[in-house]
Number of protein chains: 2
Amino acid sequence: METKKKKMKMMTLDQMKDKDIGKIGTAERDIYEFDLRMEVLGDMIKSVRKERKLTQEQLGELIGVQKSQISKLERNTKNVTIETILKVFRALKANVKFSVEINESEFKVAQ
Amino acid sequence: METKKKKMKMMTLDQMKDKDIGKIGTAERDIYEFDLRMEVLGDMIKSVRKERKLTQEQLGELIGVQKSQISKLERNTKNVTIETILKVFRALKANVKFSVEINESEFKVAQ
DNA sequence: TCGTAAGTTTCCATATAATTCAACTTTTTC
DNA sequence: GAAAAAGTTGAATTATATGGAAACTTACGA
């Protein structure tokens, strides 16, 4: 999981704006959906933060952590806890949804 | 976060089947979406596990952990790591998606 | 109502996520 | 192109999630 170039991977919002899933509510709401994967999560934080015109330091203040911590979250150096995710997106006034998709067939009981 | 009765909170799949968001693909696919919150996550695991007709012990075997661990996850005694969530739902052959919703307006820059 | 299977709880160890600080690098601005 | 601002990195520390074992409780079928 370290094969990519690493130089600006920042594709999320821009690319995602196309395959935008939602447009449910009022005028100005955007929804970005993606398979839950660590890498993407980090990008998402960064994207939304930029959308909100905040520096890492400012976001850090909102949450109560150092800018270095935000940097780490965005660059997903690590596995992350749900609480952490919520803390961040709450500060960014973003709503986080989660969905589980099951194919009834797909499952073989035998192991 | 400990005000409820605690006796069978198991509402997820049954209740959720109504406000079913997806129905995207082929015949038998179900999608359950919910606000990311710890409590609900545990219920979701339990629901899907039951859907798959597995005991906690069996699910544990699939993942490589003790049944007590599964119990803990379902009763969300703890905060949880993304990796753990993925491990569990992967074992349950469920696809996990994640979405972030932002209201452009909603944000006041001043703090 | 007994016995078994399923689920829960507690105690404990270990791994690792969260975090800071400070130095460093990159980007931006003038 | 120098100075300032923004972002990154590494080392160290603290907090806590993961996990096992075993004893316990609950559910459930005969």
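Proteins get letters first, then strands, A, B, ... in listed order; numbering begins at 1 in each. The shown structure was predicted, so the numbers you read here are calculated from the model rather than taken from an experiment.
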Euclidean distance, atom [atom1] of residue [X] to atom [atom2] of [N] [Å, nearest integer]:
| X | N | atom1 | atom2 | answer |
| --- | --- | --- | --- | --- |
| B/Ile63 | D/dG20 | CD1 | P | 11 Å |
| A/Lys53 | D/dG7 | NZ | P | 13 Å |
| A/Ile45 | C/dA18 | CD1 | P | 10 Å |
| B/Leu59 | D/dG19 | CG | C1' | 14 Å |
| A/Gln58 | D/dA5 | CD | C1' | 11 Å |
| B/Glu83 | D/dG19 | CD | P | 10 Å |
| B/Arg52 | C/dA6 | CZ | P | 19 Å |
| A/Lys46 | D/dA6 | NZ | C1' | 11 Å |

Check the phosphate of [N] against [X], side-chain N and O only, distance under 4.0 Å to OP1 or OP2. Yes or no?
| X | N | value |
| --- | --- | --- |
| A/Lys87 | C/dT19 | yes |
| A/Arg49 | D/dG7 | yes |
| A/Gln69 | C/dT19 | yes |
| B/Arg75 | C/dG7 | no |
| A/Ser71 | D/dG7 | no |

The side chain of [X] lies closest to which of these nucleotides: [options]?
| X | options | answer |
| --- | --- | --- |
| B/Lys72 | D/dA17, C/dC11, C/dA17 | C/dC11 |
| A/Asn79 | D/dT18, C/dA17, C/dT8 | C/dA17 |
| B/Lys78 | D/dG20, D/dA17, C/dA18 | D/dA17 |
| A/Lys67 | D/dT8, C/dA6, C/dT8 | D/dT8 |
| B/Lys50 | C/dG7, D/dT8, C/dT19 | C/dG7 |
| B/Gln66 | D/dG20, C/dT8, D/dT8 | D/dG20 |

Is the shortest heavy-atom distance from the side chain of A/Ile63 to the side chain of A/Ile70 under 4.5 Å?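 Yes - at least one pair of side-chain heavy atoms lies under 4.5 Å apart.
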
Quick check: closest heavy atoms across B/Ile45 and B/Leu92, and the distance to 0.1 Å?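 The answer is O-CD1, 4.1 Å.
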
If you take all heavy atoms of A/Ala94 and B/Val100, which pair is closest and at what distance?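 Minimum heavy-atom contact is CB-CG1, 3.8 Å.
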
Has A/Asn79 got a side-chain atom pairing as donor or acceptor with B/Glu83's backbone, closer than 3.5 angstrom?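 Judged by distance alone, yes, a pair lies under 3.5 Å.
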
message = Looking at A/Thr84 and A/Val80, would you say the former's side chain and the latter's main chain have a donor-acceptor pair under 3.5 Å?
response =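 No: the side chain of A/Thr84 does not pair with the backbone of A/Val80.
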
Open item on the list: Pick the closest DNA chain C nucleotide for B/Ile70 and for A/Ile85 by heavy atoms, then say which residue is nearer the 5' end.
Closed with: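 Upstream on the strand: B/Ile70.
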
Here's a test for you: under side-chain contact (heavy atoms from CB on, under 4.5 Å), which of B/Lys46, B/Gln56, B/Glu57 qualifies with B/Ser71?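 Only match with B/Ser71 under side-chain contact (heavy atoms from CB on, under 4.5 Å): B/Gln56.
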
Could you check B/Thr84 against A/Glu57 and say which one's nearest nucleotide on DNA chain D is further toward the 5' end?
->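 Whichever sits nearer the 5' end wins; that is A/Glu57.
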
**Prompt:** Contact class for A/Ser68 (heavy atom, under 4.0 Å): base, sugar-phosphate, or nothing?
**Reply:**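 Base contact.
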
**Prompt:** Touch check for B/Gly60, heavy atoms < 4.0 angstrom, all strands: base, sugar-phosphate only, or nothing?
**Reply:**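 Answer is nothing: B/Gly60 stays at 4.0 Å or more from every strand.
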
